[in-house]
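First up is the structure itself, then whatever we jot down about it.
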Amino acid sequence: MEEDSLNSHQLLLDHNNHHSTKTKQTKKLAVLPLVFLIYFEVAGGPYGEESAVGAAGPLFAILGFTIFPFIWSIPESLLTAELATTFPGNGGFVIWANEAFGPFWGSLMGYWKFFCAVINLASYPILCINYLKLIIPSLSSGLPHFLSIFISTSVLSFLNYSGLAIVGYTAVVLGVISLLPFVLLSLISLPKIDPTRWLSLGQESVKKDWPLYFNTIFWNLNFWDSASTLAGEVEEPHKTFPKALLSAGLLTCLAYIIPLMAATGAMPLDQQNWAGGYFADVAEAIAGKWLKFWMEIGAVFSIIGLFEAQLSSAAYQILGMADLGFVPRIFGERSRWFNTPWMGILVSTIIALGVSFFTFTEIISTVNFLYSLGMLLEFASFLWLRRKFPSLKRPFEVPLGLPGLVVMCLVPSVLLVYVMAIASRIVYVASALVTFVGIVLYHFLNFCKSRRLIEFNRGGGDKLDEEDNVL
């Protein structure tokens, strides 16, 4: 059985190689642009972490952004490095679940992660407007608010259409520009820092908001696996992915914790002000309006990078699902001029615009819930693939046996269950609807495939489906 499954794995790799030879050859992603794409998939800078201080106070915020990477980011990065180098095709986690448990779970993983990604896309223009409305107050509500979201979403989607290499090197530039004001803020804050402020548990008059606290930290430090959907576009993924994940991890952790400690240590605590966009006010108080303006512009650049990285991941995931035969072939169409998955970009943009009426908190809560469902399946796939294919060549392998891997996955899994348990009713309803739609689509598309009503590629999903039928 393992031999048959290994043959299925080889079929998948051959299919991906064959697919790449049929399309226009484009420059593969190198380490540096991949580092910043991963960085923007996960973070994009300290923008957005302010709510953790407002929800639970400086000490818990600092502890959260210090401890969370060890119990969540490192296990997810190690898992991604192993599986992305072992199964280096577009689709990432869809391929992993498909290889581990078959096409139904591969398909469901795809729908969970895709809707998670495109709903997350909707949060970035909203976060951008939260900063811009400080300069242009008319953008805070009404028609100007929704019109600005529509225009910014459409323009940024077109940039993604121009090519992944362009997006990657643009991410490098955006990352540097958006981080510079926080470097200056941290340096200028040094003489004003009072370390005792870091120990504050928050103001007594402000009630702890633990759901907001955990959702904020989780949202700011997840999506390490998203870049795996681009594995087919990466130069020497077996070498590039581990280096890029390590570098992006260090960059992300430092970009969160250093400005947070600088701002909370230098400013007297007014906890109710610690919400989205407050770093700009801190910059003004510490250095002046010039740094506030730079930080607000930096926020816009950061959000552009976040949007581009997330859209790339979602679009190439759809491309990978089309290659595997999970969705119709048309969803794998590439642009004739730029070789980008234009259909995946279009579908992702339309859905993101459709959910942009949700509040920022509702968006990140729904994203976290769907992401948790997908990650639980991802951890299970990781462990089962180790057990199912013990002799499979792994260019990068987490240096632990199966019992050690179970422990490594157990701690973040408990966190995932907690994040799901504290979700609101609207999040449960939205997540249940997405899951129901995913199951219906799986069976409907299989019906269309069996009756040849729609054209599909024959990829790894078809191979495993045949094996399942034999069983």
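Because only heavy atoms are used, hydrogens play no part in the values below, and waters and symmetry mates are left out as well, while side chains stay in.
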Step by step, work out the ring-ring contact (aromatic ring centres under 6.0 Å, His included) result for Phe93 and Phe382. CA-CA 10 Å; Phe93 33 73; Phe382 175 60; over 10 Å; no
Can you name the closest pair of heavy atoms from Val35 and Ala244 and give their distance? CG2-CA, 3.6 Å
Would Ile345 and Thr349 count as a side-chain contact (heavy atoms from CB on, under 4.5 Å) if you check the C-alpha gap in whole Å, the side-chain angles of each, and the deciding distance to 0.1 Å? CA-CA 6 Å; Ile345 293 171; Thr349 303; 4.2 Å; yes
Under a 4.5 Å cut-off applied to non-hydrogen side-chain atoms, are Phe68 and Leu415 in contact? yes
For the backbone of Thr340 and the side chain of Ser335, can you confirm whether one donor and one acceptor N or O come within less than 3.5 Å of each other? no
Does any part of the side chain of Trp72, heavy atoms only, come nearer than 4.5 Å to the side chain of Leu416, both counted from C-beta? yes
dist Leu311:CG -> Leu306:CG (nearest 0.5 Å) comes out at 12.5 Å
So, applying ring pair (Phe, Tyr, Trp, His ring centres under 6.0 Å) with Tyr371, which one of Trp219, Phe223, Trp224 is it? Phe223
Can you measure from CG (Leu156) to CD1 (Ile151) and round to the nearest 0.5 angstrom? 11.5 Å
Looking only at heavy atoms, what is the nearest atom pair of Ser302 and Phe40, with distance? O-CE2, 3.4 Å
Test Trp112 against Leu377 for side-chain contact (heavy atoms from CB on, under 4.5 Å), laying out the working first. CA-CA 10 Å; Trp112 279 337; Leu377 178 55; 4.0 Å; yes
Straight-line distance of Asn120 CG to Ser348 OG, nearest 0.5 Å: 12.0 Å
Considering non-hydrogen atoms only, spot the tightest contact between Leu78 and Val398 and give its length. O-CG2, 3.6 Å
When you compare the side chain of Ile71 with that of Pro412, does any pair of heavy atoms fall below 4.5 Å? no
Thr240 side-chain N/O to Glu235 backbone N/O, donor-acceptor pair under 3.5 Å: yes
Does Thr229 reach the main-chain N or O of Ser226 with its side chain, forming a donor-acceptor pair under 3.5 Å? yes
Ser247 vs Tyr39 side-chain heavy atoms within contact, under 4.5 Å: no
Taking every heavy atom of Leu319 against every heavy atom of Pro341, the minimum-distance pair comes out as CB-CB, 4.2 Å
Nearest atoms (heavy-atom pairs only) where Pro242 meets Thr85: CD-CG2, 3.9 Å
Glu50 (side chain) donor-acceptor with Gly48 (main chain) under 3.5 angstrom: yes
Any Met321 side-chain heavy atom under 4.5 Å of Phe331 side chain: no
Just by distance, do the side chain of Asn457 and the backbone of Ala322 share a donor-acceptor pair under 3.5 Å? yes
Summary of salt bridge (charged side-chain N to carboxylate O under 4.0 Å, His left out) pairs that have at least one residue in residues 68-95, sequence neighbours excluded: Glu82-Arg386, Glu82-Arg394
If only atom types and distance count, is the side chain of Asn160 paired as donor or acceptor with the main-chain N or O of Glu308 below 3.5 Å? yes
With rounding to the nearest 0.5 Å, note down the distance linking CD in Gln271 to CG in Leu201. 10.0 Å
For the CE atom of Met343 and the CD1 atom of Ile318, what is their distance to the nearest 0.5 Å? 10.5 Å
So does Leu230 get a backbone contact from the side chain of Tyr316, meaning a donor-acceptor N/O pair under 3.5 Å? no
Shortest non-hydrogen separation from Glu41 to Ala227 and the atoms involved: OE2-N, 4.3 Å
Donor-acceptor contact below 3.5 Å, side chain Ser162 vs main chain Leu159: yes
Do Val234 and Pro88 have side chains that approach each other closer than 4.5 Å (heavy atoms only, starting at C-beta)? no
What verdict does the ring-ring contact (aromatic ring centres under 6.0 Å, His included) test give for Tyr111 and Tyr442, after you've listed the backbone C-alpha separation in whole Å, the side-chain angles of each residue and the deciding distance to 0.1 Å? CA-CA 9 Å; Tyr111 290 121; Tyr442 171 76; 8.4 Å; no
Report, as yes or no, whether the 6.0 Å neighbourhood of atom CD on Glu397 holds more than 12 heavy atoms from other residues, nucleotides or ligands. yes
Might you confirm whether atom OH of Tyr418 has over 12 heavy atoms from other residues, nucleotides or ligands at distances under 6.0 Å? yes
Would you mind telling me which of Leu370, Thr366, Ile439 makes a side-chain contact (heavy atoms from CB on, under 4.5 Å) with Val434? Leu370
Looking at Phe70, Phe218, Tyr256, which one forms a ring pair (Phe, Tyr, Trp, His ring centres under 6.0 Å) with Phe65? Tyr256
Any sub-3.5 Å donor-acceptor pair from Lys449's side-chain atoms to Gly325's backbone N or O? yes
Distance-only, no hydrogens or angles: does the Thr264 side chain make a donor-acceptor pair with backbone N or O of Leu260 under 3.5 Å? yes
Atom OH of residue position Tyr428 - does it have more than 12 heavy atoms of other residues, nucleotides or ligands inside 6.0 Å? yes
For Lys208, look at atom NZ and say whether over 12 heavy atoms of other residues, nucleotides or ligands are found less than 6.0 Å away. yes
Do any side-chain atoms of residues 209-217 form donor-acceptor pairs under 3.5 angstrom with protein atoms, and if so which ones, sequence neighbours left out?
unit_1: Asp209; atom_1: OD1; unit_2: Leu212; atom_2: N; d: 3.3
unit_1: Tyr213; atom_1: OH; unit_2: Phe60; atom_2: O; d: 2.4
unit_1: Asn215; atom_1: OD1; unit_2: Asn368; atom_2: ND2; d: 2.8
unit_1: Asn215; atom_1: ND2; unit_2: Pro211; atom_2: O; d: 3.0
unit_1: Thr216; atom_1: OG1; unit_2: Leu212; atom_2: O; d: 2.6

Heavy atoms from other residues, nucleotides or ligands near CG of Leu250 exceed 12 (cutoff 6.0 Å): yes
